[in-house]
Amino acid sequence: MEGLRGSDLRAVLEFVELAWALAGEQPFPRETLDAMAQLIPCDAIGYCELDRVRRREVAYVGNDGDGGDEDAFWEIVDEHPLCHHQQAYADFSATRLSDVISSQKLVNTRVYSEWFRPNGIVAELEVGIARSRTVTRNFVLSRSGGDFSVRDREVLEVLAPHLARIHERELLRRAADIAAPGSLGLLTARETDVLELVAAGLTNAAIAERLWISPGTVKKHLDNVYAKLGVANRTAAAALVRPA
């Protein structure tokens with residue numbers, strides 16, 4: 001991670017804590033993407049889940065509305081250099097458009113004339129959080145001027161496993177809600193983490209160390225947990241988890 005400084009790593013940790021706190025019914029709400037756009041400056045950012053077999057959009061969240069013309073996207077997706085790179089090499093690491101094709105070659109392609117140029121895109125940075133060619137889960141950042149730096153790419157690469165964990169945790173939470181619906185389903189992913197560690201007998205200080213957050217943040221999460229579950233203390237809250 002030669003492009004990252006101490007300040008970059010601190011910013012990454014702050015973003016990860018925020019992303020966990022914001023994760024709820026939707027793993028990556030608009031606020032999370034806005035925060036990521038502050039961390040990695042870009043003009044547009046989106047999180048997209050695509051069913052590549054049935055060629056349909058499963059989910060999309062972004063600061064550019066609905067992500068553009070879906071029919072037009074499916075027309076060019078197989079020729080999109082970053083999409084093609086992922087499919088051909090199963091490489092879902094953080095990758096810039098310029099890492100896989102030169103600007104000279106890009107301007108002579110159909111995808112440039114039908115997608116990049118009409119949308120004013122000159123640079124893209126993309127990472128996948130699922131190692132699947134059939135259902136992809138990608139974060140896509142784009143700029144209308146100037147390329148992304150090595151630092152930008154490395155920051156996104158560091159974020160990827162945390163983002164994957166947030167998504168995985170949300171899937172597990174949804175499954176638990178279906179199996180045992182109730183007030184526990186009101187908790188965010190981070191609140192659920194804190195509650196599980198409370199149920200395991202950890203103190204606030206130990207939870208803070210485990211989750212890389214401050215004891216004050218742990219207390220704040222617990223206050224939210226008590227309010228949502230309608231309980232008065234950690235013993236009562238933990239009792240709701242232990243039977244499961």
Please check if atom CD in Glu79 has more than 12 non-hydrogen atoms from other residues, nucleotides or ligands closer than 6.0 Å. yes
Do the charged groups of Glu17 and Arg10 touch, with an N to O distance under 4.0 Å? no
By side chain to side chain donor-acceptor pair (under 3.5 Å), Thr134 pairs with (sequence neighbours left out) Ser132
From CG (Leu39) to CG (Asp8), nearest 0.5 Å: 8.0 Å
Do the side chains of Arg153 and Asp99 get close enough for a salt bridge, i.e. N-O under 4.0 angstrom? yes
For the atom pair NE2 (His84) and OH (Tyr89), what is the distance rounded to the nearest 0.5 Å? 6.0 Å
Between the main-chain N or O of Ser144 and the side-chain N or O of Asp43, is there a donor-acceptor pair closer than 3.5 Å? yes
Can you tell me if Lys228 uses its side chain to pair, donor with acceptor, with the backbone of Leu186 under 3.5 Å? yes
Look at the side-chain heavy atoms of Ile, Leu, Val, Met, Phe, Trp and Tyr, link any pair under 4.5 Å apart, and say whether Phe92 and Phe139 land in one connected group. no
Determine whether Val58 and Phe73 fall in the same hydrophobic cluster, where Ile, Leu, Val, Met, Phe, Trp and Tyr are linked whenever their side-chain heavy atoms lie under 4.5 Å apart. no
Crowded around His162 NE2? As in, over 12 foreign heavy atoms under 6.0 Å? yes
Would a 4.5 Å heavy-atom cut-off, applied to side chains only, mark Ser93 and Val127 as touching? no
Is Arg210 salt-bridged to Asp193, going by a charged N under 4.0 Å from an acidic O? no
Close side-chain approach of Leu197 and Leu211, heavy atoms under 4.5 Å: yes
In this structure, CZ of Arg169 is separated from OG1 of Thr188 (nearest 0.5 Å) by 9.5 Å
Minimum-distance pair of heavy atoms, taken over all atoms of Leu195 and Ala238: CD1-N, 4.1 Å
Does Arg110 CZ have over 12 foreign heavy atoms under 6.0 Å away? yes
Show the numbers, then the answer: is there a side-chain contact (heavy atoms from CB on, under 4.5 Å) between Leu4 and Val158? CA-CA 10 Å; Leu4 298 188; Val158 172; 3.9 Å; yes
Side chains of Ile40 and Leu125: closer than 4.5 Å at any heavy-atom pair? yes
Look at the side chain of Thr217 and the backbone N and O of Ile213, then say whether any donor-acceptor pair between them is shorter than 3.5 Å. no
Flag side-chain contact, heavy atom, 4.5 Å: Val194 against Trp20: no
Is the cationic atom of Arg143 (NZ for Lys, CZ for Arg) positioned less than 6.0 Å from the six-membered ring centroid of Phe148 and within 45 degrees of its normal? yes
I need the Asn224 CG to Arg190 CZ distance, nearest 0.5 Å. 13.5 Å
Hey, are the side chains of Leu159 and Val155 touching, using non-hydrogen atoms and a 4.5 Å cut-off? yes
Between Asp78 and Arg55, is there a side-chain N and carboxylate O pair less than 4.0 Å apart? yes
Please tell me whether His80 and Phe116 form a close aromatic pair, meaning their ring centres lie under 6.0 Å apart. yes
How are the rings of Phe28 and His167 set relative to one another: parallel (under 30°), tilted (30 to 60°) or perpendicular (over 60°)? parallel
Tyr60 and Leu50, any side-chain heavy atoms less than 4.5 Å apart: no
Closest non-hydrogen atom pair between Ile129 and Ala164, with its separation: O-CB, 3.6 Å
In plain terms, say whether Arg96 and Glu126 are close enough for a salt bridge, that is, a side-chain N and a carboxylate O under 4.0 Å apart. no
Looking only at heavy atoms, what is the nearest atom pair of Gln86 and Asn138, with distance? OE1-ND2, 3.0 Å
Would you say Ile166 ends up clustered with Leu18 if hydrophobic residues are merged whenever their side chains have heavy atoms under 4.5 Å apart, either directly or through other cluster members? no
With a 4.5 Å limit on heavy-atom distance, are the side chains of Ile45 and Val140 in contact? no
Can you tell me if Glu31 uses its side chain to pair, donor with acceptor, with the backbone of Leu22 under 3.5 Å? no
Take Arg52 and Val135 through the side-chain contact (heavy atoms from CB on, under 4.5 Å) test and state the conclusion after the steps. CA-CA 6 Å; Arg52 298 297 297 268; Val135 178; over 6 Å; no
Does this structure show an ion pair linking Lys220 with Asp223, if we count only N-O contacts that are shorter than 4.0 Å? no
What distance separates Leu97 CG from His85 NE2, expressed to the nearest 0.5 Å? 11.5 Å
Full working for salt bridge (Lys or Arg N to Asp or Glu O under 4.0 Å) between Arg137 and Glu57: CA-CA 10 Å; Arg137 300 187 178 103; Glu57 183 181 280; over 6 Å; no
Heavy atoms from other residues, nucleotides or ligands near CH2 of Trp74 exceed 12 (cutoff 6.0 Å): yes
In chain order, what residues pass the side chain to side chain donor-acceptor pair (under 3.5 Å) check against Lys105, with sequence neighbours excluded? none
Given side-chain contact (heavy atoms from CB on, under 4.5 Å), test Leu141 with Glu124 step by step and report yes or no. CA-CA 6 Å; Leu141 293 73; Glu124 272 192 356; over 6 Å; no
What verdict does the side-chain contact (heavy atoms from CB on, under 4.5 Å) test give for Arg151 and Arg5, after you've listed the backbone C-alpha separation in whole Å, the side-chain angles of each residue and the deciding distance to 0.1 Å? CA-CA 9 Å; Arg151 174 265 181 197; Arg5 300 171 297 179; over 6 Å; no
Any chance you could measure Asp51, atom CG, to Thr136, atom OG1, to the nearest 0.5 Å? 8.5 Å
Is the shortest heavy-atom distance from the side chain of Met36 to the side chain of Leu156 under 4.5 Å? yes
Do Glu49 and Tyr47 have a side chain donor and acceptor closer than 3.5 Å? yes
What are the two closest heavy atoms between Arg131 and Ala90, and how far apart are they? NH2-O, 3.1 Å
Heavy-atom closest pair, residues Ala94 and Glu157: N-OE1, 2.6 Å
Val122 versus Gly145, closest heavy-atom pair with distance: CG2-N, 3.3 Å
Same apolar cluster (I L V M F W Y, side chains within < 4.5 Å links), Val111/Val107: yes
